[in-house]
Amino acid sequence: MVLDPLTALSVAGTIVQFVDYGTKVLSRSQQLYHSTKGAGPLDEELDLITTHLTKLTAKLTRPLSTPSTENELPGEEHALRELCDACNTVAQEMVARLEGLKVDGKHRMFKSVWQALKSTWSEKEANALIKRLSMFRESLELHILILNALLDNDIVISTQIHEQTMAVTQLLNQTEVVLIDQNNKTCMMIIDAIKEGFNQTRTPEGMKEVAADAKKLIAKARSEEERIRKTVEKALLGSLEFPTMMVRQEEIAEAHKQTFAWILKDEQSGTVKWTNLVQWLQCGSGVYWINGKAGSGKSTLMRYLTEHHQTRTLLDLWAEPTPLCTASFFFWNSGTSEQRSQIGLLRALLFQVLSQYPQLIPIILPWQWSKNYSRLVNDSIEKEPDIWTISKLQQALKLLVEQTTIPLKLCLFVDGLDEYDDDQEDTDSCHQEIADLFRSIASNINIKICLSSRPLLIFKDAFGTLPGLRLQDLSFEDIKQYVGDKLGNNPRYQQLTLEEPEKAPDLVEEIVNKADGVFIWVTLVVKSLLSGLGKRDGISDLQRRLRLLPSDLEGLYHHMLTRIEPFYQYKASEIFQIFQTHWKMMNRMDQVEGEPTFSNLEVESLTVMALSFAVDDDPHLPIHCEIEPLSFQAILSRCEIMSDRLKVRCAGLLEVQGPESGQIDISGVIGFGYSPNVQYLHRTVRDYFEKPEVWNRMVAHTSGTDFDPYRSLLGSHIVQLKLLGTSDSHSMTFLRHKASLALEHAAHTDFVTGCPNTALLDEFDRTMARHLEEWSEENGAHWANHNELGFGSLSSTRIHNSFLSVAVRYNLCAYMKQKL
């Protein structure tokens with residue numbers, strides 16, 4: 001179906017009105033505001049501007065034809081639709097800015113609308129938007145030329161079409177567009193040339209040639225706009241993303257086979273009452289709350305739901321015919337600051353949603369979109385990183401929830417609300433804040449949220465009357481399945497079931513009953529029983545072993561620690577102290593009042609390789625090891641040995657997470673930097689060690705010795721630097737990062753402990769000098785002055801030709817006293 005020329009010209013007129021009005025708003029035109037002193041109350045004037053833009057937006061979004069033909073428009077009509085959409089995007093950005101100005105109340109500080117608008121857009125941002133409007137104007141001029149050119153010469157153009165054409169032309173001539181660079185001037189020259197050719201060439205062939213040229217120009221402009229848009233999208237998504245965003249979810253153990261299958265079945269059995277999740281996914285609304293005691297398997301269940309294909313199928317039924325978007329976040333209290341904070345939550349959710357629907361970015365992030373767009377169209381604008389504050393992210397989430405421009409239904413999965421910790425002293429306030437956030441979001445009919453947490457009182461008050469379930473009441477059969485499979489796969493147990501067919505099932509039943517729904521307890525107990533089977537225990541022996549184990553987690557952890565051989569208890573204490581010290585440093589929890597800070601450098605999680613260097617049997621390893629890359633086999637061997645030692649010396653309460661040791665990605669010379677992380681077995685283990693009496697017992701094993709976890713970690717940094725190759729630019733980047741981490745760690749150690757660590761820091765200096773000898777051709781200069789490393793830029797003058805100057809920069813007071 002060909003679009004009616006009258007409709008096309010009417011739409012063109014709307015576009016021109018928007019370009020004209022938008023340009024005047026951005027140019028603070030006195031034709032619009034009459035006076036710089038203002039024509040009325042600010043709120044009323046801002047409302048008038050916003051209302052006018054909104055009305056123009058409504059016109060721009062009207063269908064060009066009937067719904068059945070909207071997706072089948074010919075090329076030119078499709079181009080006009082795209083032009084309307086592009087104008088609508090700019091209009092939405094402008095409305096969002098103006099609404100934000102009213103919400104923040106900042107406009108009340110100004111005496112006139114002119115001043116208020118001036119504060120809303122910087123001059124460069126306004127010029128960038130004006131440039132986009134001018135591009136729309138040029139595209140429209142070409143489109144009108146094409147519409148005229150495509151009309152057959154023998155067809156008499158009606159008076160009405162002629163009048164509308166003249167009206168649109170007059171509007172185009174009246175539009176005041178500011179051209180800010182030579183490219184726009186060139187475009188205008190091309191347009192004028194096409195006009196001239198159109199006027200001189202009235203033959204059908206000539207008109208078709210003009211139309212073809214115009215099509216090429218439109219295609220070129222459209223291509224350039226697409227390139228800029230994609231670049232801005234990529235930049236903003238990159239600024240939202242962070243390395244540990246999906247780590248927690250990926251590290252949670254997958255559900256044992258056949259367990260949790262009941263939750264995605266429509267029928268229910270048993271006497272326990274719980275809300276049917278299938279029905280909630282398919283047609284429910286609001287919040288679904290999965291709660292359960294510590295260790296009951298909530299995170300495993302949430303991963304199961306998030307990744308199961310049937311979850312998506314059921315949600316599609318809820319959303320249809322509207323597009324569906326899902327996003328997830330797993331809080332992790334023992335992880336990085338982003339993994340346990342609201343900033344991390346919002347960045348992760350926004351990243352996932354906007355990655356799936358990038359057309360939402362200008363609507364959800366209008367300020368950041370405009371800023372980044374300005375950078376691209378004006379190369380003189382300095383590129384600054386996007387800093388995501390909590391207020392910016394909350395505003396973006398609010399816009400996502402409230403936007404109606406792009407139809408969308410959203411389902412969020414958020415695990416571990418009780419692990420949310422924004423470094424506030426009042427944990428209850430922290431939990432109340434996150435509960436209020438989700439209650440507010442879920443009030444929107446297009447959004448629903450599946451949450452999980454421990455049954456804390458705050459969460460009970462917030463979600464207790466809403467759809468949900470209590471996990472430990474429903475996991476009896478799953479635990480029975482898990483125990484039966486784990487023991488049943490053991491050849492020794494298979495033999496015992498044949499020898500004692502009545503006692504074997506009783507053992508499984510006793511384990512399940514004693515577990516009381518705590519899955520983590522079951523996994524530890526089964527490991528103990530499998531160990532007994534390896535020692536040729538019979539069923540009666542296994543029953544006695546089971547009955548000796550405490551039924552609560554804290555009692556079980558204490559029992560496990562007391563079972564560590566005395567020979568290993570000293571090493572176990574070292575490992576736990578190194579791990580805990582690193583965790584506190586990573587989360588800035590052991591900083592001393594008055595301690596200087598040097599950067600916002602993110603301290604990564606402790607890797608198994610870093611831990612292996614910190615607890616190496618040779619205390620002088622940082623001094624004695626050679627400065628050369630470690631072989632693939634040596635890295636793999638270290639990872640496997642350290643993993644085994646954690647099982648023996650730490651009773652399995654610390655474990656290597658991520659890929660199995662045999663699957664570690666150690667490609668290239670810096671592979672050990674990407675080895676798996678070390679983590680507590682479970683959140684409850686960290687809670688247990690934070691009890692003063694427990695921690696004091698652990699630290700007592702190294703009291704009276706010269707062991708210092710800070711020194712051990714500093715030594716690990718130096719070993720990692722020594723084993724790093726410098727064969728390419730990627731290695732240099734890693735070298736700079738590791739060197740910065742080592743110096744910041746040394747500064748913190750110096751300030752907290754007062755120990756000079758002279759030998760280690762001298763070795764650090766020597767190691768860096770050796771690396772730069774191989775890398776750089778600059779002779780005579782100290783390594784810190786190397787441009788690629790960037791240490792010279794840390795002060796107003798270049799660092800002098802000595803490590804002492806580096807020590808001054810990093811406040812290594814104890815070291816300097818020792819050297820001087």
Side-chain angles (χ1 to χ4, degrees), residues 244 246-256 294-300 303 330 332-336 339 415-416 419 482 486 518-531 549 553-554 556-565 568-569 571-583 586 604-615 635-665 672 674-690 694 698 709 716:
T244 57
M246 301 300 293
V247 167
R248 172 60 178 161
Q249 180 175 339
E250 292 167 355
E251 290 181 343
I252 292 169
E254 293 186 10
H256 183 70
S296 57
K298 299 182 295 297
S299 295
T300 303
R303 179 177 181 180
F330 285 61
W332 179 228
N333 196 270
S334 297
T336 62
Q339 289 177 293
D415 175 60
E419 303 210 28
Y482 175 83
K486 288 294 184 180
V518 181
F519 238 114
I520 189 67
W521 183 91
V522 174
T523 60
L524 295 173
V525 167
V526 168
K527 286 180 182 179
S528 176
L529 298 182
L530 290 174
S531 174
L549 296 174
L553 281 176
E554 288 191 5
L556 181 60
Y557 294 153
H558 177 72
H559 175 83
M560 293 167 69
L561 289 174
T562 59
R563 302 285 291 178
I564 297 174
E565 294 181 35
Y568 293 130
Q569 286 177 356
K571 275 294 183 183
S573 178
E574 284 188 346
I575 294 171
F576 280 115
Q577 288 184 66
I578 288 170
F579 179 82
Q580 187 73 355
T581 298
H582 180 275
W583 185 81
M586 183 175 70
E604 64 261 11
S605 298
L606 186 66
T607 67
V608 63
M609 285 297 291
L611 179 60
S612 75
F613 297 140
V615 298
I635 294 173
L636 190 59
S637 176
R638 267 194 171 268
C639 286
E640 291 174 340
I641 291 172
M642 192 68 237
S643 179
D644 291 340
R645 286 181 174 178
L646 289 177
K647 295 171 186 175
V648 174
R649 299 180 182 184
C650 299
L653 296 180
L654 283 176
E655 64 176 8
V656 176
Q657 295 194 344
E660 296 296 329
S661 58
Q663 300 174 325
I664 295 171
D665 178 12
F672 65 84
Y674 300 111
S675 64
N677 296 334
V678 177
Q679 295 284 6
Y680 281 123
L681 171 69
H682 191 262
R683 158 76 186 277
T684 53
V685 178
R686 205 197 91 194
D687 294 343
Y688 172 72
F689 276 113
E690 286 184 345
V694 174
M698 180 57 64
S716 176

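Each residue takes its place number in the sequence, starting with 1. Only heavy atoms go into these numbers, but all of them, side chains included; no hydrogens, no water, no symmetry mates.
By the 4.0 Å N-to-carboxylate-O rule, K571 lies close enough to E574 to be salt-bridged with it.
Here the closest heavy-atom approach between residue A610 and residue S716 is recorded as O-OG, 2.8 Å. Of all the heavy atoms in G652 and L681, the pair that sits closest is O-CB, 3.7 Å. Of all heavy-atom pairs spanning G297 and F519, the tightest one is N-CB, 4.4 Å. Minimum heavy-atom separation, V656 to P676: CG1-CB, 3.6 Å. Taking each heavy atom of C639 and V608 in turn, the nearest pair found is SG-CG1, 3.6 Å. In this structure, S605 and Q679 approach most closely via the heavy-atom pair OG-NE2, 4.2 Å.
Expressed to the nearest 0.5 Å, how far CD1 of I520 lies from CZ of R683 amounts to 13.5 Å. Atoms CZ and OG, from R638 and S643 in turn, are 14.0 Å apart once rounded to the nearest 0.5 Å. Of the inter-residue distances, the one linking K647 atom NZ with L654 atom CG reads 13.0 Å to the nearest 0.5 angstrom. To the nearest 0.5 Å, atom CZ of residue R645 and atom CD1 of residue I641 are 6.0 Å apart. Rounding to the nearest 0.5 Å places CG of D415 at 10.5 Å from CH2 of W332. Summarising the geometry, atom CD1 belonging to I564 is positioned 5.0 Å from atom CG belonging to L561; distances are rounded to the nearest 0.5 Å.
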- [ ] Run the numbers on L611 and M642 for side chain to side chain contact (heavy atoms under 4.5 Å, CB included), then give the verdict.
- [x] CA-CA 8 Å; L611 179 60; M642 192 68 237; 4.0 Å; yes
Practice prompt. Using the side chain to side chain contact (heavy atoms under 4.5 Å, CB included) rule, take I635 and M609 through it: C-alpha gap first, then chi angles, then the decisive distance, then the call.
Written response: CA-CA 8 Å; I635 294 173; M609 285 297 291; 4.2 Å; yes
key: Working for side chain to side chain contact (heavy atoms under 4.5 Å, CB included), residues Q580 and Y680   = CA-CA 10 Å; Q580 187 73 355; Y680 281 123; 2.9 Å; yes
Q.
Apply side chain to side chain contact (heavy atoms under 4.5 Å, CB included) to residues L606 and F579 and explain how you reach the verdict.
A. CA-CA 7 Å; L606 186 66; F579 179 82; 4.0 Å; yes
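Counted by atom type alone, T607 and N677 present zero donor-acceptor pairs between their side chains at under 3.5 Å. A donor-acceptor pair shorter than 3.5 Å can be found between the side chains of S573 and Q577. Checking R686 against N333 by side-chain atom types alone, a donor-acceptor pair falls below 3.5 Å. For the residue pair T684 and Y557, a side-chain donor N or O sits within less than 3.5 Å of a side-chain acceptor on the partner.
Ring pair F576/F689 is tilted by interplanar angle, where 30° to 60° counts as tilted. Taking the six-membered ring where tryptophan is involved, the planes of H256 and Y482 are perpendicular, since the angle between them exceeds 60° and thus also 30°.
C650 has its side chain within reach of I575: a pair of non-hydrogen atoms, C-beta onward, lies under 4.5 Å apart. Counting only heavy atoms from C-beta outward, the side chains of V526 and L530 approach each other to under 4.5 Å.
Annotation for K486: atom NZ does not count as buried by contact number, only 12 or fewer foreign heavy atoms lying within 6.0 Å. The number of heavy atoms from other shown groups lying within 6.0 Å of CD (E690) is above 12.
At least one donor-acceptor pair under 3.5 Å links the side chain of R303 to the backbone N or O of I252. A donor-acceptor distance shorter than 3.5 angstrom exists from the side chain of Q339 to the backbone of T336, with no hydrogens or angles considered. Between the side chain of T562 and the backbone N or O of H559, at least one donor-acceptor pair lies under 3.5 Å. Side-chain atoms of T581 do not come within 3.5 Å of backbone N or O of P709 as any donor-acceptor pair. Side chain of E554 to main chain of Y688: no donor-acceptor pair is present (N/O by atom type, distance under 3.5 Å, no hydrogens or angles). At least one donor-acceptor pair under 3.5 Å links the side chain of W583 to the backbone N or O of S334.
Evaluation of the salt bridge (Lys or Arg N to Asp or Glu O under 4.0 Å) rule for E565 yields no partner, not counting sequence neighbours.
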